[in-house]
There are 2 protein chains.
Amino acid sequence: MANRPLAPKLIATRAWVPGSADAGLSRSLLSQEEAAKLATIATISRFRRGDTIYTAGTQADAVYIISSGLVKVFRQDQPGSQILIFAFALEGDIIGMADDGAYSNSATAANNVTAYRIPIKSLRSRMLSDLGLDLALLAKLVHELRASQRHAFILSERLVANKIAMFIEMLEQDQASRLGLTPEEVHLPMSRRDMAEFLAATPAAITRGFKTLEKAGILRCRDNHHVAILDQAGFTQLVNGSLHPGGDVATRTRNGGSRLPLKRSGSR
Amino acid sequence: MANRPLAPKLIATRAWVPGSADAGLSRSLLSQEEAAKLATIATISRFRRGDTIYTAGTQADAVYIISSGLVKVFRQDQPGSQILIFAFALEGDIIGMADDGAYSNSATAANNVTAYRIPIKSLRSRMLSDLGLDLALLAKLVHELRASQRHAFILSERLVANKIAMFIEMLEQDQASRLGLTPEEVHLPMSRRDMAEFLAATPAAITRGFKTLEKAGILRCRDNHHVAILDQAGFTQLVNGSLHPGGDVATRTRNGGSRLPLKRSGSR
DNA sequence: CGCGGCGTTGATAAAGCTCAAACATAGTGG
DNA sequence: CCACTATGTTTGAGCTTTATCAACGCCGCG
């Protein structure tokens with residue numbers, strides 16, 4: 001049973017319960033038993049790249065637990081107006097939040113997606129009888145809320161280069177917590193345009209932001225979907241918003257590089 | 001409804017359950033019974049304006065349900081660096097989210113605050129036995145998540161005047177759902193500086209944004225804490241991001257004063 | 001009465017958006 | 001296999017908004 005991919009997984013980190021052992025690690029929130037029970041009320045849905053999974057404002061009859069693929073959860077008030085992507089959902093994420101019975105945002109598949117579709121009614125009745133499921137959803141929602149606040153924090157940044165750095169750090173942590181180790185390269189599974197719509201910027205600004213970070217020696221892009229962090233110290237400072245990439249990073253030779261080896265410093 | 005102020009209240013709107021009757025209305029999520037049970041494990045805390053309620057990174061031993069007053073929930077990475085206010089919490093809100101046993105953001109009282117302090121341990125044991133409490137927290141978290149996404153959406157706006165309009169609309173809806181009717185004036189209980197820190201702008205920009213909205217005839221400020229919406233249609237368009245206040249309002253003199261939608265479309 | 005925080009107003013500079021065109025990369029059908 | 005189209009990405013030039021920095025008025029408070 002352990003190696004079968006046929007039961008939904010819900011992934012999150014611990015919230016109030018301190019767990020120093022696996023701090024920062026994602027755990028599966030559902031016991032096998034609970035996952036199996038959920039599987040009995042779920043159906044498997046498949047979506048192709050670009051497919052609409054649900055649309056904001058329509059009646060919310062089901063939530064989806066992503067099994068594989070990448071889903072963009074977004075909001076667009078008027079057709080043709082600005083889009084803001086709220087989250088990139090992947091395996092172990094649950095989507096389909098509703099407000100007064102209607103989906104409060106939209107979701108489309110960014111590539112081929114398989115997901116468990118769980119009707120709300122079944123879920124509700126199941127929740128009333130199964131406390132563990134309840135607590136799992138609670139933990140997942142806390143996780144989501146934190147992620148959303150982090151998103152807001154990224155959006156509050158003024159310079160696009162900083163936003164990008166924070167975005168990459170977010171993906172890095174996510175991947176690290178899923179894999180259990182920090183990968184050499186961070187994988188950016190979405191397009192530049194998607195990044196722009198997540199970071200509230202234009203694709204052009206995203207391109208230039210990456211260029212800025214590369215020129216500053218902070219990171220290196222193998223291609224548009226794989227970046228390596230070269231200057232971890234400078235990167236962290238960027239993420240913490242304490243300095244601006246254009247000016248100070250180059251002049252950071254004063255204090256910075258004591259903790260980690262810098263590959264190349266201050267080439268200007 | 002009830003006149004006993006001695007039990008905690010949790011306020012939220014409905015999520016998946018459609019309730020066409022009281023759509024958009026806040027409901028108290030706890031039955032009197034549950035509230036009473038919660039009260040037995042809660043203690044009342046009082047804070048004065050400026051007091052710290054908890055600090056990010058410290059051990060999270062309790063959550064707080066606000067009974068009265070205004071609390072700023074915020075994050076500040078480095079002392080002296082940028083602050084982002086995530087939420088203004090008031091009566092019926094719950095604060096104290098944690099990550100791996102530590103508070104993930106900070107909270108201070110914006111004025112005199114009374115709150116129910118509920119130790120995590122008691123809450124957990126209570127949750128395991130009381131399913132209703134569980135579901136109430138779930139509903140509240142969905143509410144919070146939506147609020148956070150809305151915040152992100154506001155932050156994604158480029159022009160400060162639009163941000164302000166969306167912020168006012170947010171407060172208006174909140175007040176309307178609490179009162180059960182749309183008030184004539186929207187109350188802004190926080191300072192300009194707090195708004196700036198919520199909207200990721202500077203106080204100066206906030207001032208100028210309000211000026212812009214007033215000059216455009218969208219709203220009128222009785223004082224710094226009370227605004228009335230004069231042009232509901234224009235206001236709504238601003239909130240939906242379909243129209244730029246600076247551009248169109250300035251060009252209005254050329255166009256002879258007619259309010260024109262001027263939306264952009266991708267047709268070529 | 002002086003002090004410090006807040007709010008407003010004014011100049012300047014920087015960063016990003018808009019618009020637009022060149023470029024790259026698929027996917028498609030001949 | 002190739003043109004051909006559609007989509008995404010990059011680059012460039014001009015314009016707008018806001019951050020920054022500063023000064024000033026206001027108010028409450030010691």
Side-chain angles (χ1 to χ4, degrees), chain A residues 48-50 72 80-84 108 110-112 155-165 188-197 199-216 221 223-225 227 238 241 243-249, chain B residues 48-50 72 80-84 108 110-111 155-164 188-197 199-216 221 223-227 238 241 243-251 262-268:
Chain A
R48 272 193 295 281
R49 172 191 161 86
K72 298 185 280 188
S81 85
Q82 194 100 355
I83 283 182
L84 181 71
T108 68
N111 48 36
N112 288 350
L155 291 176
S156 79
E157 201 60 40
R158 203 170 60 86
L159 287 83
V160 176
N162 286 27
K163 287 191 190 179
I164 293 176
L188 315 173
M190 68 292 293
S191 70
R192 295 269 126 124
R193 183 194 240 255
D194 291 336
M195 294 183 213
E197 286 171 352
L199 299 176
T202 56
I206 300 293
T207 295
R208 294 188 241 256
F210 271 103
K211 279 254 151 69
T212 303
L213 292 176
E214 275 196 298
K215 273 205 275 273
C221 302
D223 60 34
N224 270 4
H225 298 280
V227 297
L238 270 190
L243 69 129
H244 293 229
D248 297 26
V249 167
Chain B
R48 269 194 294 281
R49 172 190 162 85
K72 296 186 278 187
S81 85
Q82 195 98 358
I83 283 183
L84 181 71
T108 69
N111 48 37
L155 291 176
S156 80
E157 201 60 40
R158 202 169 61 84
L159 289 84
V160 177
N162 286 28
K163 289 191 192 179
I164 293 176
L188 316 172
M190 68 291 296
S191 69
R192 295 269 126 126
R193 182 194 241 257
D194 291 335
M195 293 183 213
E197 286 170 353
L199 299 177
T202 56
I206 301 293
T207 296
R208 294 188 241 256
F210 270 104
K211 278 254 149 67
T212 303
L213 292 176
E214 274 197 298
K215 272 206 275 275
C221 302
D223 60 36
N224 270 3
H225 297 281
H226 297 86
V227 297
L238 271 190
L243 161 86
H244 293 217
D248 294 37
V249 170
T251 7
L262 186 69
K263 60 191 64 167
R264 66 194 79 264
S265 60
S267 59
R268 56 191 57 178

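Per chain, numbering begins at 1; letters A, B, ... match sequence-line order.
One finds a side-chain N or O of A:Lys211 lying less than 4.0 angstrom from the OP1 or OP2 phosphate oxygen of D:dT11. Applying the 4.0 Å criterion to OP1 and OP2 of C:dT8, one finds that B:Arg192 has a side-chain N or O inside that range. Residue B:Asn224 places none of its side-chain N or O atoms closer than 4.0 Å to OP1 or OP2 of C:dC6. Distances shorter than 4.0 Å separate none of the side-chain N or O atoms of A:Thr207 from OP1 or OP2 on D:dT9. Side-chain N/O atoms of A:Ser191 include none lying less than 4.0 angstrom from OP1 or OP2 on D:dG8.
Checked against ring pair (Phe, Tyr, Trp, His ring centres under 6.0 Å), B:His226 has the following partners two or more places apart in sequence or in another chain: B:His187. A search for side-chain contact (heavy atoms from CB on, under 4.5 Å) contacts involving B:Asn111 returns B:Leu70, B:Val113, not counting sequence neighbours.
Remark: C1' of D:dC27 and NE2 of B:His225 are 12 Å apart, rounded to the nearest angstrom. One atom, CE of A:Met195, and another, P of D:dT9, lie 8 Å apart when rounded to the nearest Å. Atom C1' of nucleotide C:dC6 and atom CG of B:Asp194 are separated by 11 Å, given to the nearest angstrom. Atom CD in B:Glu157 sits roughly 11 Å away from atom P in D:dT18 (whole-Å rounding). Taking atom CG of residue B:Asn162 and atom C1' of nucleotide D:dT17, one finds them 12 Å apart after rounding to whole Å. As rounded to whole Å, 13 Å separates atom P of C:dA15 from atom CZ of A:Arg208. D:dA19 atom C1' lies 10 Å from atom CD of B:Gln82, rounded to whole Å.
Proximity of a side-chain donor or acceptor of A:Glu214 to a complementary backbone N or O of A:Cys221 within less than 3.5 Å is detected.
Helix-axis bend for the helix from C:dC1-D:dG30 to C:dG30-D:dC1: the local axis fitted to the five terminal pairs at one end deviates from that at the other end by 40°, rounded to 10°.
Within 4.0 Å (heavy atoms only), A:Ala200 reaches sugar-phosphate atoms of the nucleic acid but no base atom. Residue contacts shown for A:Ala204 include a base, since a base heavy atom lies under 4.0 Å away.
The closest side-chain donor-acceptor pair between A:Arg49 and A:Asn112, if any, does not fall under 3.5 angstrom.
When each of B:Ala205 and B:Arg49 is assigned the nucleotide of DNA chain C with its nearest heavy atom, B:Arg49 is the one assigned upstream, toward the 5' end.
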